[in-house]
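The block underneath contains the structure these notes are about, expressed in structure tokens.
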Amino acid sequence: MNFITLDYLDIGLASLTIAVNAGLSIAMNLGLGQRLVISAGRMVAQLILIGLVLKALFSIASPFLTGAAIIIMILFAGREAMARQERRFRGWWSYGLGTGSMMAAGLIIMVFGLTTQISPDPWYDPRYAIPLMGMILGNTMNGVSIGLDRMISGMVERRASIEARLCLGEEAREAFRPVVRAALRAAFIPTINGMSAAGIVSLPGMMTGQILAGADPVEAVKYQIMIMFLIAGGTGIGSFVAIFFAQHRLTDARHRLRLDRLVST
Amino acid sequence: MLKIQNLRRQNHSPELTPLLSAASLEVADGSCITVTGSSGSGKSVFLRAIADLDPVAGQIFLDGTERNHIPAPLWRRRVAYVPAESGWWENRVGDHFSDPEQARSLTSLFDLSEDVFDWPIEQLSTGERQRLSLVRALVLNPRVLLLDEPTSGLDQGTSAKVERVLHERMNAGVSIVLVTHDASQRDRMASIHFGMAAGVLSRMEDHAP
């Protein structure tokens, strides 16, 4: 594959757009200039760092280091999913629920994709495993955090009607059903939208990257379709697991609505 | 008979005053006890505790059976709690009733329109919601009714009709725990009165007749 490499002057030129944005912010008194510059700086530092880490990981190609990198990615995704909740579970449940569901979904889908479809040699080759896991986790994290947020806020908002149903002798699962359904639907919608818009409204990043790197567009599209399926599967499994356990945690053996197990942030 | 022993609920931090401290009482079949107290004193906490909606310590027996030996959904059908603010989950009124036939006979007693079951929920007034949530509980034919200000939004005439139905239920052996602000209603409904202050339930002196 042949592609055009960038030198530092090219990157410097591109960064001028940030300067334009910062100028606009100052002119219109938006107060975003500083944040814009800081976040651009963070982006540069983080990406350079990850570039170096990936380069090292790829050249070593150790299953343990690759596994460790993937675990770290999952832990960060769990933290990010938790930080996005307005209300969350008390104690370790908050972090554990998001992280656990993403780990389950991410690992299942990654191993499935690597061993049966992409089949690199060895199957854990970090050049494939890490980007694949990154894409699965990014989307699963969206589904899980949207689903959990909708679930928890739905329970709080509909407390009166849920408890009314409990008082009429319904089991917690029945009384929770409208909220659970709404949460699952919300979790799936970004994936469904992403699939319907793919290729028309948006050119998916991975495919675009392969094309820029010189790949045949049809081959890149084939890859993208497989990734889309894996992403949809991962988001589905992750959201389902997270919402299932959240439902479990929001009630108890006496079919109560346990909002006391939540804290607002 | 409903027998409550040492029912208590801690505040979210144990150093704070408990939400409910060591409440004990008995409500005989066919009798009513009332609970009065300022808002925030723990009256609703008490009713919710009896309905098993919050985790609490202590024991409650219904006709000699401890409630943990009864599945929670069944317990709540036998010991029916009607909160001050009712909850609704379908669009149509009628979809909230397990037994529309029996409900229909009660709505006429409560001055509710005959076609109220076809109304959308948003169309209901506060008073209508209040009566319908009581009807919803009554069609379960519970052994015990836990009522939180059941007539606060009703005029005198309608309140009297609600009280008449409650008296009928009591004659049929139903026990009632009634939270009310209305002193005359308290005396009409019960001879045993309790006061609630800062989570402490205490028997009040009997009023002169």
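Reminder, nothing fancy here: chain letters follow the sequence lines and each chain counts from 1.
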Using non-hydrogen atoms and a 4.5 Å limit, figure out which bit of [X] sits close to chain A: side chain, backbone, both or neither.
| X | value |
| --- | --- |
| B:Leu53 | both |
| B:Arg78 | neither |
| B:Ile121 | neither |

How long is the span from the [atom1] atom in [X] to the [atom2] atom in [Y], to the nearest 0.5 Å?
| X | Y | atom1 | atom2 | value |
| --- | --- | --- | --- | --- |
| A:Arg254 | B:Asp54 | CZ | CG | 13.0 Å |
| A:Ser161 | B:Glu90 | OG | CD | 9.5 Å |
| B:Phe97 | A:Leu168 | CZ | CG | 9.0 Å |
| A:Arg159 | B:Glu85 | CZ | CD | 11.0 Å |

Does [atom1] belonging to [X] count more than 12 external heavy atoms closer than 6.0 Å?
| X | atom1 | answer |
| --- | --- | --- |
| A:Gln46 | CD | yes |
| A:Tyr95 | OH | yes |
| B:His181 | NE2 | yes |
| A:Arg150 | CZ | no |
| A:Arg35 | CZ | no |
| B:Arg129 | CZ | yes |
| B:Asp155 | CG | yes |
| A:Glu86 | CD | no |

What's the shortest heavy-atom distance between A:Ala164 and B:Gly87, and which atoms?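 Closest approach of A:Ala164 to B:Gly87: CB-O, 3.5 Å.
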Practice problem: Check A:Glu163, A:His255, A:Glu170, A:Arg165 against B:Arg76 for a side-chain contact (heavy atoms from CB on, under 4.5 Å) and give me the one that passes. | Solution: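 With B:Arg76 as partner, side-chain contact (heavy atoms from CB on, under 4.5 Å) holds for just one option, A:His255.
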- Determine whether B:Pro55 and A:Arg258 make a side-chain contact, defined as any pair of heavy atoms from C-beta on separated by less than 4.5 Å.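 The answer is yes; the side chains approach within 4.5 Å.
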When the 4.5 angstrom heavy-atom criterion is applied to A:Asp260 and chain B, the contacting part is side chain
